[in-house]
Amino acid sequence: MTVLRVADLRVTFRDATVPAVRGMDLAVDRGEVHAVVGESGCGKTTTALALLGLLPPGTEVAGSVRLHGKELVGRSDAELARVRGRDIAMVFADPSSALTPVRTVGDQIAETIRIHQGASRAAARARAVRLLDLVGIPDPARRARAYPHELSGGMRQRVMIAMAVANDPAVIVADEPTAALDGTVRAQVLQVLRAAGEATGAAIVLITHDLGVAAEIADRVTVMYAGRPVESGPVEEVYARPRMPYTIGLLQAVPRLDGRPPFGPAVPGPRRPVLVPIDGVPPQRPGPGCSFSPRCPISGPRCAEEEPGPRPVPGADGHTVACLQDVADPAAVYPPPDPGPEPAVDRVERPVVLEVSGLVRHHVRRGAGPLRRRRDTVRAVDGVDFTVRRGETLALVGESGCGKTTTLLEILRLRAPQAGRITVLGHDTAALDRATRRALRRDVQAVFQDPLASLDPLMRVAEIVAEPLLAHGHRRRDVGGPVRELLAMVGLPAELAWRHPGALSGGQRQRVAIARALALRPRLLLLDEPVSALDVSVQAGICNLLTRLQDRLGLTCLLVTHDLAVARHVADRIAVMYLGRIVELGDVRGVCRDPAHPYTRALLSAVPVPDPARARRRPRAVLPGDPPDPAAPPPGCRFRPRCPRYRTLEAGRARRCEEEEPRSTEVAPGRYAACHYPETTSP
Amino acid sequence: MTVPGASDPSGAPPEAMPVRGPALTRRLLAQPRAVLGLALLTGLFLLAFAGPHLARWDWQQTDFTALREPPSAEHWFGTTASGRDVFALTVRGLQKSLLIGLSVAVLSTGLAALVGMVAGYAGGWADRVLMGVTDLLLVLPAFLVLAVLGPTLGSAWPLLVPALAAFMWMVTARMVRQATISLKEREFVLAARCMGVSPARVLVRHLLPNLGSLLIIDGTLHVGAAVIAESGLSYFGFGVRPPDSSLGTVIAEGAAAATTFPWLFGFAAALLVLLVLAVNLVGDGLRDALDPTGGGGVR
Amino acid sequence: MAGFLVRRSLHGAVLVALAASLTYLLAASALRPRAHFEQRNPRPPAAVVDAELTALNLNDRTPLLRRYAVWAGGVLRGDFGRTLAGEPVAPELWRRALVSLRLLAVGTVLGAVLGVLAGAYAAARRHRPADRLITVGSFAVLSTPVFVLAVLLQLGAERINQITGVRIFEWAGEYTPGAAEGALGRLRHLVLPTLTVVLVQAAVFGRYQRHLMLDVLDADFVRTAMARGLTRRQALVRHGLRTALVPTATYFAYTFGFVLLGAMFTEKIFGWHGMGEWLIDSVHRGDVNAVAAVALLAAVLVLLAGAAADIAHAILDPRVRAGR
């Protein structure tokens, strides 16, 4: 039974010339999870807000949204308010801003109940506590009196889900419910969301940019591009046999832990698997033809003139596609990229470029506001050791707050650390004099997460790329040539040189940042989440650029990322961090296949797999709880409170975890793990 | 993810956020309020500096044949009780207000930029000392101090400029310091420092241009504040003193008899209000033009 | 927490001491109380003037630092010295402060409340006629100095009095001396000066609140509140305005100094014998001790207002209360 039917929905913002949504269709059945996927700017959030009538005043909404057959488009705010929260509820993307900061969460859930059920204050509060319990919040009566900032991100998102199911709605719209959460917490929240849907029988419209998340929990999927649905159908069918080149491109651009391409045979023997990016960016103002045709590798002459409507795919029930071409083999749409050469020399023979031992970085935390009280010491980095050899890339992965970025920044400072030692290209950073440090800066360069923040908004691209050259004594009239070369090397057209960063796309900005980092021909490149601010199709291009540059220039890289799949594609070796320590270190392929540390295992199993068949088959090890406060790590093994293995140990063996902090030991050749009872790896 | 109406992170992007040069002028001129303010300011400037050459009477002359005369062809704004030409007095006051307002704004904003940037960028002792001075000046009752100094300042009105500026930079300096600290943490400054760019170059190439919007906006609003402060001091007899003339003294003289002899009060008051209004309109327009997210702009 | 309060009080005490001392030194060296005594008719002999000045600790022939030491010692004992008329400063200071309070209390609070409401309303109706009207109004008031605004209001009141033929409004002093007019009379005297304060205060707070409100207009939590089933208006009032009020409370306390300044003009123009008027007259007379006492009180008030702002912030914002 269809509970929600959207037909030809069109949304135009006030003062906008082009509609943000240009004919959205969606049919959601009772109890079903329907994912709407697409990259940023494709109109999926706008669609979600339009369903509940939450768009800002002055926005033009046309078409039809029927809930239980009742039309919602064109109704007044007061009429819609009676439907919102009762028949159709919403879970927002960022739980840190979606809850009113000055009211308790119990209050906010109770308000939802009181609005629609007219319950007494006490009854509503009691129900709010039961709802918090339902979504798995421990000690719900106390948590109900907490303010949003007192809860962790995962807890806040559970609160949002509790609020959404408070009145047993028919439809829950979840807009990127896990985008702001860490891997292990994301897995928990997805589970809670699905359970909440099953418990209430509500249909869930899941808006997400993450093809993995959609594959994990959706029954059906609709792919959006430039404000329109381009492909829709049962999730297994669409992922296995996509017909629209855009869907195919997205699936091929997603980094995968197993490194296998989604269609066709794996390319044999490459050092690192290669992704397939989609060139170009979505159109600002779609022309008359198919809006994907400028980026489409197989577009024909008709595609530029005629905008295709959805048509059923023959032989596949419920699978529709909006494409004028007939795609038989998805693997043949995009040309396979060049895998690049295999590295020649064995690792151990190469010289060490970066050596970090016993690195410590603690900082004092102070309260916000005028009464800056409660000071405590955050042990952000608490004894980290690793080496990076020439020509290799080490990935430092972990969840937010584990100290990975702090480690990178400590290296970048080129100064004496609080404790421990950093040796860069043979120089101990504690013993550097001014001149040597300055000279060493040429050799160590960095690329940061947010390209917009790391480029001076008032400078032009050419000035930005030339800045390191000028700072190191090149003359202004000599830098034109090198700048052109650098732009070409990162795949940017020369005419962008006179633009400001604000006038570039996200991918182009990150390429500028990379060009700047390469200007001085550094020998060590530090990459801090270089692709996490980018869309998948763009991210794939940057990942490929990084691997190609490593091969071509023999670069040594330290990559900090929260995304294991990205690490799998870009790095040679991987170090997994938890609460300021490295818990596992080894060859990236091996670690991803046979993790030795229970945390690594949990982290890997929390990575959403963009393959519905496999996602449902694999065993799920959802890690309980939130990462503990880095100001007060538990005694003994820091991972113990969340460790699934610890809970299976008998008392005698468990005591070791409680009392003794595990040291990093070589559990297999080249593989180190800091666990008393590591998984025995079978090679 | 996608916030409606906000810029979209991947697609070809909207207009660059910070604006300078021709783009700024274009944006400023796209705002009716700023255009109105600029037109008013131009008019007032013309009046202040061309006016004295057009009028028949000088501000120092006395027309004993016309005491408290209403406006006429001879005396455009009428005359005072002692037979002085109100137009000449008012225009001289306007001149002074414009000069004082602009110079105080430039001086106080410059001081604020210097103190704020040094305190924010250097940190440590320099920061503590500079912010201590700032706090002290904020606690010191400025009007009182200026009033006490009045007899000294009134004798030579240009002295009012540094005196007023000395009490107007503190709030801006704190804002500049705050902005400098947050800019210092921004990745592009971090990137520049890690590339080996020298601190002086970072200050000039990265910090100053990015603080520009704040300084331009605040500087403009300071013009209005300085004009009001000067006329207020003069109104109570602590600033410019008769026989010399300021808008404040003209208003003070006319206020008592405003009902019976409206020209004594009305023209000077109207010009004063128009001047401050014009400056505030331009300042507000600049705010919107320089910082499109700052509220009033299109979103 | 306790350590923080002690440090903060100490910091405040040092600032007040510095500010008051600076003002005293400045006033004692710049003002000429001698002239006030010499102007009397018949002109008293120099020795008499000197003796009188010395008795008041105002003699410019005594070294400045010695006068300062005497004054500072007195202040530490709670003695603010004497006025030129020989009266003790302290009682007069409190009497004047109370007059100012009577004038300001209603106006500042009422003005701030009206401003907050107008600003919030304007923001919610962004780009509509109501918003433009409120914006233009606050701009006009903000561009008008208090001494012009007060005269304009007097002119308007005069016109109304003339038209109605009744003296509805009074604008000289706090009451009409010698007339038995009761509470109503006092009220009539209160209307115009209060209106002046209200207008300025409302314009300032209107601008400020509009800006704050625009920030929460599209805030995620307002959208969440709507998604719960509130209408846009309910969501804006219950969640948006509630959150946007936090900085306003702080701002209210911080603008206190500004209010004091405005009050000075208002008192002087409307002939109220408050602190501001006293200050202006004392400067003209060269009454150093009175000036220094007012400066001290003003500095203390500004600092207390700052502390009040922080406390208000902590009460209204749980994020600060929790201290994280």
So which part of A:Asp450 gets closer than 4.5 Å to some heavy atom of chain B, the side chain, the backbone, both or neither?
both
Could you look at A:Leu470 and say if it's the side chain, the backbone, both or neither that has a heavy atom under 4.5 Å from chain B?
side chain
Heavy-atom cut-off 4.5 Å, strictly under: side chain, backbone, both or neither for A:Leu409 against chain B?
side chain
Would you call B:Arg205 and A:Glu463 a salt bridge, using N to O less than 4.0 angstrom?
yes
What is the minimum heavy-atom distance between B:Val197 and A:Ala471, and which atoms define it?
CG2-CB, 3.7 Å
Less than 4.5 Å to any heavy atom of chain B: does that hold for the side chain of A:Leu455, its backbone, both, or neither?
backbone
With a 4.5 angstrom heavy-atom cut-off, could you sort out which part of A:Ala453 is near chain B: side chain, backbone, both or neither?
both
B:Met195 and side chain to side chain contact (heavy atoms under 4.5 Å, CB included): which partner among A:Gln445, A:Arg441, A:Arg442?
A:Gln445
Pairwise side-chain contact, B:Phe188 with A:Pro501, heavy-atom cut-off 4.5 Å (strictly under)
no
Any donor-acceptor N/O pair, A:Arg438 side chain to B:Gly196 backbone, under 3.5 Å
yes
Walk me through it: do A:Glu467 and B:His206 pass the test side chain to side chain contact (heavy atoms under 4.5 Å, CB included)?
CA-CA 11 Å; A:Glu467 188 172 29; B:His206 294 287; 2.6 Å; yes
Say you draw a straight line from CG of A:Leu414 to SG of B:Cys194; how long is it, rounded to the nearest 0.5 Å?
7.5 Å
